[in-house]
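Take a look at the structure set out below.
Small disclaimer: the values here were computed from a predicted structure and weren't measured. When reading the values below, keep in mind they use all heavy atoms of this one structure, side chains included, and skip hydrogens, waters and symmetry mates.
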Amino acid sequence: MIAAAVRETFEESGYLLASHTDGTPVTNLASDEWRSDREELTDRRISLAELLHRRDLMLRSDWIRWWSTWITPDFEPRRYHTWFFAARCPVEQRVLGVSGESTHERWLTVDQALRSADSGEVRLLPPQYCTFLELREAEKTGDVFGAQQTPRTYCPGLASDREGTYLALPDELVELGLRAEREMYGATQG
């Protein structure tokens with residue numbers, strides 16, 4: 001699971017969660033040779049293990065952490081079982097940029113991502129938004145990579161009240177959202 005997340009991160013963002021086997025950082029991935037390696041990996045012509053061996057690199061599992069699992073609600077015609085990870089970005093890496101699966105690239109803090117979603121500037125699906133809420137809380141305590149957190153599994157459902165039908169999330173996620181709203185905006189948004 002970790003190796004698949006590292007592969008996906010490299011394929012989609014260009015960042016490789018690896019270092020040289022002697023521990024030195026991998027810094028320049030913005031070359032034609034790395035572009036070729038990335039394309040081979042994306043097209044499944046080589047495996048991540050082959051790429052790491054070819055480049056004398058080791059996967060840095062200490063830079064990535066399984067955060068949560070989200071399962072698409074039963075009412076959806078297409079169901080997904082998706083793992084979310086938190087990763088330490090190797091900031092010294094120069095990369096080629098995002099893959100064709102993305103439309104934009106930029107760095108955002110957790111609060112910037114939430115504010116951008118709240119304003120409609122960035123579209124986040126509920127699992128993404130809720131993961132940012134959890135990461136926001138963990139950042140405040142330094143627990144993103146600290147304590148041994150057992151990854152949670154979420155499978156939202158539908159709920160209804162007088163105002164209509166909505167996606168039902170666990171109470172702790174709703175509370176994180178309300179707390180973030182108070183802290184970021186000072187009061188409840190209208």
How long is the span from the [atom1] atom in [X] to the [atom2] atom in [Y], to the nearest 0.5 Å?
{"X": "Arg94", "Y": "Asn28", "atom1": "CZ", "atom2": "CG", "result": "4.0 Å"}
{"X": "Asp37", "Y": "Leu51", "atom1": "CG", "atom2": "CG", "result": "5.0 Å"}
{"X": "Met1", "Y": "Trp83", "atom1": "CE", "atom2": "CH2", "result": "7.0 Å"}
{"X": "Thr72", "Y": "Tyr80", "atom1": "OG1", "atom2": "OH", "result": "7.0 Å"}
{"X": "Glu76", "Y": "Ile71", "atom1": "CD", "atom2": "CD1", "result": "13.5 Å"}
{"X": "Leu135", "Y": "Ser68", "atom1": "CG", "atom2": "OG", "result": "8.5 Å"}

Using the rule that two of Ile, Leu, Val, Met, Phe, Trp, Tyr join whenever any of their side-chain heavy atoms come within less than 4.5 Å, decide whether [X] and [Y] are in one cluster.
{"X": "Leu108", "Y": "Leu133", "answer": "no"}
{"X": "Ile2", "Y": "Trp63", "answer": "yes"}
{"X": "Trp107", "Y": "Val110", "answer": "no"}
{"X": "Phe85", "Y": "Leu124", "answer": "no"}
{"X": "Leu114", "Y": "Leu173", "answer": "yes"}

Heavy atoms, side chains only, cut-off 4.5 Å: are [X] and [Y] in contact?
{"X": "Leu48", "Y": "Leu52", "result": "yes"}
{"X": "Asp118", "Y": "Tyr129", "result": "yes"}
{"X": "Thr82", "Y": "Pro127", "result": "no"}
{"X": "Phe75", "Y": "Leu167", "result": "yes"}
{"X": "Leu41", "Y": "Arg7", "result": "yes"}
{"X": "Pro73", "Y": "Leu158", "result": "no"}
{"X": "Ile64", "Y": "Arg88", "result": "no"}
{"X": "Gln112", "Y": "Arg115", "result": "no"}

Do you know the tightest heavy-atom contact between [X] and [Y]?
{"X": "Leu16", "Y": "Gln93", "value": "O-NE2, 2.7 Å"}
{"X": "Thr42", "Y": "Glu11", "value": "OG1-CG, 3.4 Å"}
{"X": "Ala86", "Y": "Phe145", "value": "O-CZ, 3.7 Å"}
{"X": "Leu59", "Y": "Ala3", "value": "CD1-CA, 3.9 Å"}
{"X": "Glu92", "Y": "Pro25", "value": "OE2-CB, 3.3 Å"}

Checklist entry - If you measure from the Lys or Arg side-chain nitrogens to the Asp or Glu carboxylate oxygens, is any gap between Glu50 and Arg44 under 4.0 Å? => result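 Looking at Glu50 and Arg44, the cut-off is not met.
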Item to check | Arg106/Glu121 ion pair, N-O < 4.0 Å | outcome: yes
Next on the checklist: Would Glu40 and Arg54 count as a side-chain contact (heavy atoms from CB on, under 4.5 Å) here? Give the steps.
Outcome noted: CA-CA 12 Å; Glu40 285 185 63; Arg54 177 191 295 175; 3.5 Å; yes
Next on the checklist: Does the Lys NZ or Arg CZ of Arg152 fall within the cation-pi geometry relative to Phe84 - under 6.0 Å from the ring centre and within 45° of the axis?
Outcome noted: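 Geometry flag: not set, cation outside 6.0 Å or 45°.
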Checklist entry - Hey, does the Lys NZ or Arg CZ of Arg55 hover above the aromatic six-ring of Trp34, less than 6.0 Å from the centre and inside 45° of the axis? => result yes
Main-chain N/O of [Y] paired to [X] side chain as donor or acceptor, under 3.5 Å:
{"X": "Arg38", "Y": "Phe10", "result": "yes"}
{"X": "Thr69", "Y": "Thr153", "result": "no"}
{"X": "Arg60", "Y": "Leu17", "result": "no"}

Checklist entry - Tyr154: what forms a ring pair (Phe, Tyr, Trp, His ring centres under 6.0 Å) with it, not counting sequence neighbours? => result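 For Tyr154 the ring pair (Phe, Tyr, Trp, His ring centres under 6.0 Å) partners, ignoring immediate neighbours, are Trp70.
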Atom [atom1] of [X]: over 12 foreign heavy atoms under 6.0 Å:
{"X": "His53", "atom1": "NE2", "result": "no"}
{"X": "Arg45", "atom1": "CZ", "result": "yes"}
{"X": "Asp171", "atom1": "CG", "result": "no"}

Next on the checklist: Please evaluate residues Ser13 and Val95 with respect to the criterion side-chain contact (heavy atoms from CB on, under 4.5 Å), reporting the C-alpha separation (whole Å), side-chain torsions for both, the decisive distance (0.1 Å), and the verdict.
Outcome noted: CA-CA 8 Å; Ser13 74; Val95 301; over 6 Å; no
Checklist entry - After noting the C-alpha distance and the side-chain angles of Cys130 and Leu176, does the key distance pass the side-chain contact (heavy atoms from CB on, under 4.5 Å) rule? => result CA-CA 8 Å; Cys130 291; Leu176 285 179; over 6 Å; no
Checklist entry - Any side-chain donor paired with an acceptor under 3.5 Å for Thr109 and Asp111? => result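 Asp111 and Thr109 do not have a side-chain donor-acceptor pair below 3.5 Å.
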Item to check | Leu29 and Leu96: CA distance, side-chain angles, deciding distance, side-chain contact (heavy atoms from CB on, under 4.5 Å) verdict | outcome: CA-CA 7 Å; Leu29 285 80; Leu96 293 166; over 6 Å; no
